[in-house]
Amino acid sequence: MLRIRASKMLAAPVMKIEILTIFPEFFTQVFEFGIIRRAKLASIVKINVHDVREFAFDKHKMTDDRPFGGGDGMVMKPEPIFAAIEQLLGTTNRDEYPKATRVVMLSPQGTPLTQEIANSLAKNADHLVLICGRYEGVDERVNDALVTDEISIGDYVLSGGEPAAVVLTDAVVRLLPDALGSETSAENDSFSNGLLDCPHYTRPADFRGMQVPEVLLNGNHAEIEKWRFEKALEKTQKNRPDLLKGENGGCE
Ligand code: ADE
C-alpha cells in the first residue's frame with residue numbers, strides 16, 4: 001500500500017532532475033515503477049524530460065550534423081543544447097549555476113559511475129540536468145562550456161545516453177532522504193561498505209531440496225551478522241577481487 005504524508009505532498013521536491021534527449025518517449029514508463037514512482041508521488045523528486053529537438057531553431061529541427069575533419073556518424077549540434085540549458089538554468093555560464101546544480105553529460109568517455117558518486121550527487125545536488133548524447137557524440141563545446149560532470153555507466157558503448165540517464169537517476173533517487181521508506185535502507189547495499197552484498201533467502205526454507213543456511217533460522221543475531229559478513233567477503237573475493245585490493249574505492 002502506498003502511504004504518503006500530506007506534508008510531503010506539498011513540500012518542494014528534494015531534487016529536480018531534467019533529462020535532455022532526442023527520444024523523450026524512451027522515458028514514458030521507465031520512472032513509473034517501485035522506488036522512483038514512490039519518490040515522485042511523495043514529492044521527493046521531480047523528473048522532467050525535455051525534447052532537444054524542440055530547441056532546434058532551423059526549419060528541419062536538426063539536432064545533428066557531420067563531423068568536422070570527416071569520419072563516420074553524426075555529431076549532436078551545440079545550439080539546441082545551449083538553448084535548452086539557457087532556458088532551464090537561465091545561463092550558459094557554468095560559473096553562474098547555483099551551487100547545488102550539476103549538468104551531467106552521459107558518455108562512454110566519462111568518469112565511471114560508482115556508489116560514491118551516486119552518494120555525493122544525492123547529498124550535494126538539488127538540481128541535475130542529464131544530457132543524453134547520441135550518434136558519434138556531442139559537440140565538445142557542450143562539455144567545455146556547460147557540463148560539470150561527464151559520467152559513464154561502464155566500459156561499453158551504448159547507442160545513446162538514455163539508458164545511462166535511467167541508471168544514474170535510479171542510483172541517485174533511491175539514496176534521497178525517505179526514498180526507500182522505513183522498511184529498507186541503503187546502508188547494506190553492495191558497495192556501501194566496500195563489499196558486495198551478502199546472499200539473501202526467503203521462504204520456503206526447503207525449496208526443491210535446497211536448504212536455507214541453518215544459521216539464518218536460529219535467531220542468533222551475532223552469528224547471523226558474522227555469517228553475512230563472511231559471505232559478503234566470499235562473494236566479493238569471487239566476483240570483484242579488485243574491490244578488496246582497494247582498486248575501486250573498496251576496503252583494504
Ligand atoms: N552513452 C553511450 N555509452 C555510454 C556509457 N557507457 N555510459 C554513459 N553514456 C553512454
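Numbering of ligands and ligand atoms starts at 1, following listing order. What you see is a predicted model; the values in this text were computed from it and never measured.
Applying the side chain to side chain donor-acceptor pair (under 3.5 Å) test to Gln237 and every residue at least two apart in sequence or in another chain returns nothing.
The one candidate from Leu176, Leu128, Leu175 that meets the side chain to side chain contact (heavy atoms under 4.5 Å, CB included) condition with Leu121 is Leu128.
Using a 4.0 Å cut-off between charged nitrogen and carboxylate oxygen, Glu223 and Lys226 do not count as a salt-bridge pair.
The salt bridge (charged side-chain N to carboxylate O under 4.0 Å, His left out) analysis of residues 128-147, with sequence neighbours excluded, yields the pairs Arg134-Glu162, Asp139-Arg141. Pairs passing the salt bridge (charged side-chain N to carboxylate O under 4.0 Å, His left out) check and including a residue from residues 146-157, sequence neighbours excluded, read Arg102-Asp149.
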### Message
Evaluate Asn143 against Val138 for side-chain contact (heavy atoms from CB on, under 4.5 Å), listing each step before the verdict.
### Response
CA-CA 8 Å; Asn143 277 326; Val138 179; 5.9 Å; no
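In this structure, ligand 1 sits under 4.0 Å from heavy atoms belonging to Leu106, Ser107, Pro108, Ile151, Ser152, Ile153, Gly154, Tyr156, Val157, Leu158, Gly160, Gly161, Ala164.
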